[in-house]
Participant: 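Structure below; questions to follow.
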Amino acid sequence: MDYDHRFDYVDLELDRARKAGLYREMRYGRTDGARITIGGKSLLNLCSNDYLGMCPTQVPQGQLQSSSRLLAGNDESYRELEDALAGHKSQESSLVYPTGYMANMGAISAVASAGDLILSDELNHASIIDACKITGAAVSIYKHNDMDDLSSKIRGKAQNKFIVCEGIFSMDGDYSDLARISEVAREEGAVTILDDAHGDFAVGSDGRGTPDELGSGVDVYISSLSKGLGSFGGYVASQNNVIDLCVNRSRQFIYTSALPRQLVSHAAERLLSERSGRQNALRDNVAMLSRGLGQLGCQSGDTHIMPIHVGGEKKAVEYGRFLFERGVFAQPVRYPTVPRGQARIRVSVTAWLSREDIDFALGAFEAAQARFSA
């Protein structure tokens, strides 16, 4: 095939990314519990979002849906899963989407429209940002967890007002200030929308998520089935008429094929399983690794997402490569996922990790800190 010079500009863009330390490269590997093998090298995996360590079980085989749910893909298995998810969140109804990204896009764009006002935390996930853009509503970004800024920007007239944030923020690993957000929402008659992809199933009583952990409720709850639950898909849970509106207005639900029923049944089986032992193991591992990283002078926190702030993009890449050479897989996160100059190593803690695994990881981080903090 002859080279097409109309795409010369693509090479220039890729070269700019390489020089800035922003080039991304696909790595192919195979995961097995707490480890991942890449290019024949076995490493401790600190990048998994399978927080409870539930993933490696065989998914049952079966007929694919091969259609949208509103046409011919609404298998009975969905009823069991959606009823269980609604109960899990103490909501009237729920609706399953093929992915968590589509759940955010679909639910937010269904409930908000032109004439409305959306208040969005500045550190919200890309799927929330993209969803807000397509609603047609006015969007105001408030400073991260800054309730004074939120209170100031939510004032004014709008048809409907919405506050949207994450439960546990995916890159900083901190909790949203749900109690104050709920208070501001009540004062302004606003609807609260929470993306709890990283809190659901991992925190709270019986894994009920961030609102349960923090003792505060939300109006529209959006989450993922592929992280804490170790399955696949996303969902939204709320009162009946909100879910009915999603069925009728959400393009990300209406115009896509349904998840195969074997994946729906797999998620239901996971949801109804006993998970408290894994949640306890996760909490213990978070405490152990957080304490160790703190002693090394690394930033740590109270959740299973622990960013180690490096700063420069190139330095973060070198830091990640240094860990890789010492048997630890912890990926550097760079712009545009985080602001320029705020690159970090994103550590995900799972229930898979043993005490020996954590000690091994801390040894690698100790060496990295000695190398890159000098």
Participant: Closer than 3.5 angstrom, by distance alone: can the side chain of Glu274 be matched with the main-chain N or O of Ser276 as a donor-acceptor pair?
Facilitator: yes
Participant: For the residue pair Ile345 and Gly320, what are the closest heavy atoms and their distance?
Facilitator: CD1-N, 3.8 Å
Participant: Are Glu318 and Arg321 ion-paired here, with the side-chain N under 4.0 Å from a carboxylate O?
Facilitator: no
Participant: Restricting to pairs with a member in residues 135-190, which pass ring-ring contact (aromatic ring centres under 6.0 Å, His included), not counting sequence neighbours?
Facilitator: His144-Phe169
Participant: Just checking, Arg371 and Phe322: is the charged tip under 6.0 Å from the six-membered ring centre and within 45° of the axis?
Facilitator: no
Participant: Between Thr256 (side chain only) and Gln252 (backbone N and O only), is there a donor and an acceptor less than 3.5 Å apart?
Facilitator: no
Participant: Is there a side-chain contact between Leu194 and Cys165 in this structure, where contact means two heavy atoms from C-beta onward sitting under 4.5 Å apart?
Facilitator: yes
Participant: Are Val218 and Val164 in one and the same hydrophobic cluster, where Ile, Leu, Val, Met, Phe, Trp and Tyr link if side-chain heavy atoms are under 4.5 Å apart?
Facilitator: no
Participant: Taking the side chain as every heavy atom from C-beta outward, state whether Ser224 and Asp200 have any atom pair closer than 4.5 Å.
Facilitator: no
Participant: Salt bridge or not for Arg69 and Asp75, using N-O below 4.0 Å?
Facilitator: no
Participant: Show every ring-ring contact (aromatic ring centres under 6.0 Å, His included) that has at least one partner inside residues 302-321, sequence neighbours left out.
Facilitator: Tyr51-His304, Tyr319-Phe372
Participant: Looking at side-chain heavy atoms only, is the closest gap between Val236 and Val220 below 4.5 Å?
Facilitator: yes
Participant: Within the distance-only criterion (no hydrogens, no angle test), does the side chain of Arg346 pair as donor or acceptor with the backbone N or O of Met171 below 3.5 angstrom?
Facilitator: no
Participant: Is a donor on one side and an acceptor on the other found under 3.5 Å between the side chain of Asn45 and the backbone of Cys47?
Facilitator: yes
Participant: Check this for me, if you would: do Arg16 and Glu13 make a salt bridge, where the nitrogen-to-carboxylate-oxygen distance has to be below 4.0 angstrom?
Facilitator: yes
Participant: Look at the side chain of Asp146 and the backbone N and O of Asp149, then say whether any donor-acceptor pair between them is shorter than 3.5 Å.
Facilitator: yes
Participant: Is there a chain of hydrophobic side chains (I, L, V, M, F, W, Y, each step under 4.5 Å between heavy atoms) that links Ile108 to Tyr255?
Facilitator: yes
Participant: Within a reach of under 6.0 Å around CG of Asn280, are more than 12 heavy atoms found that belong to other residues, nucleotides or ligands?
Facilitator: yes
Participant: Are Ile222 and Ile243 linked, directly or through other ILVMFWY residues, by side chains that come within less than 4.5 angstrom of each other?
Facilitator: yes
Participant: Say whether, by atom type as modelled, one donor and one acceptor occur between the side chain of Arg334 and the main chain of Tyr23 under 3.5 angstrom.
Facilitator: yes
Participant: With Gln295, which residues qualify under side chain to side chain contact (heavy atoms under 4.5 Å, CB included), at least two apart?
Facilitator: Arg291
Participant: State, with a plain yes or no, whether a side-chain heavy atom of Trp352 is found less than 4.5 Å away from one of Met54.
Facilitator: no
Participant: Taking salt bridge (Lys or Arg N to Asp or Glu O under 4.0 Å) as the test, write out the residues that go with Lys161, two or more places apart.
Facilitator: Glu188
Participant: Minimum heavy-atom separation for Pro339 to Tyr335, with atom names?
Facilitator: C-CD1, 4.2 Å
Participant: For Arg355, I'd like to know if atom CZ has over 12 heavy atoms of other residues, nucleotides or ligands within 6.0 Å.
Facilitator: no
Participant: Who passes side chain to side chain contact (heavy atoms under 4.5 Å, CB included) against Asp83, sequence neighbours left out?
Facilitator: Arg79
Participant: Between Asn145 and Asp177, does a side chain to side chain donor-acceptor pair (under 3.5 Å) hold up when you go through it step by step?
Facilitator: CA-CA 6 Å; Asn145 262 344; Asp177 190 352; over 6 Å; no
Participant: Hey, is the main chain of Gly53 close enough, under 3.5 Å, to the side chain of Arg278 for a donor-acceptor pair?
Facilitator: yes
Participant: Does any N or O in the side chain of Glu166 come within less than 3.5 Å of the main-chain N or O of His125, such that one atom is a donor and the other an acceptor?
Facilitator: yes
Participant: Just by distance, do the side chain of Ser265 and the backbone of Gln262 share a donor-acceptor pair under 3.5 Å?
Facilitator: no
Participant: What are the two closest non-hydrogen atoms of Ala84 and Leu271, and how far apart are they?
Facilitator: CB-CD2, 3.4 Å
Participant: Using only heavy-atom distances, determine whether the side chains of Ser231 and His266 contain a donor-acceptor pair under 3.5 Å.
Facilitator: yes
Participant: Quick check: do Asp219 and Ile193 have side-chain heavy atoms less than 4.5 Å from each other?
Facilitator: no
Participant: Using side-chain heavy atoms (C-beta onward) and a distance below 4.5 Å, is Leu46 in contact with Ser348?
Facilitator: no
Participant: Taking the side chain as every heavy atom from C-beta outward, state whether Ile134 and Asp130 have any pair of such atoms under 4.5 Å apart.
Facilitator: no
Participant: Hey, is Glu313 close enough to Arg18 for a salt bridge, meaning N to O under 4.0 Å?
Facilitator: no
Participant: Side-chain contact test, heavy atoms from C-beta onward, threshold under 4.5 Å: evaluate it for Leu259 versus Tyr78 and give yes or no.
Facilitator: yes
Participant: Transitively linked via ILVMFWY side-chain contacts under 4.5 Å: Ile168 with Leu123?
Facilitator: no
Participant: Apart from Phe329 itself, what residues make up its hydrophobic cluster when side-chain heavy atoms of I, L, V, M, F, W and Y under 4.5 Å apart count as a link, directly or indirectly?
Facilitator: Ile36, Ile38, Leu43, Phe324
Participant: Just wondering, are more than 12 heavy atoms of other shown residues or ligands nearer than 6.0 Å to NZ in Lys41?
Facilitator: yes
Participant: Checking Thr135 side chain against Ser113 main chain: does a donor-acceptor pair fall under 3.5 Å?
Facilitator: no
Participant: Indicate, with yes or no, if Leu282 and Leu353 share a hydrophobic cluster defined by side-chain heavy-atom contacts under 4.5 Å among Ile, Leu, Val, Met, Phe, Trp and Tyr.
Facilitator: yes
Participant: With a 3.5 Å cut-off and no angle check, do the side chains of Asp196 and Thr210 form a donor-acceptor pair?
Facilitator: yes
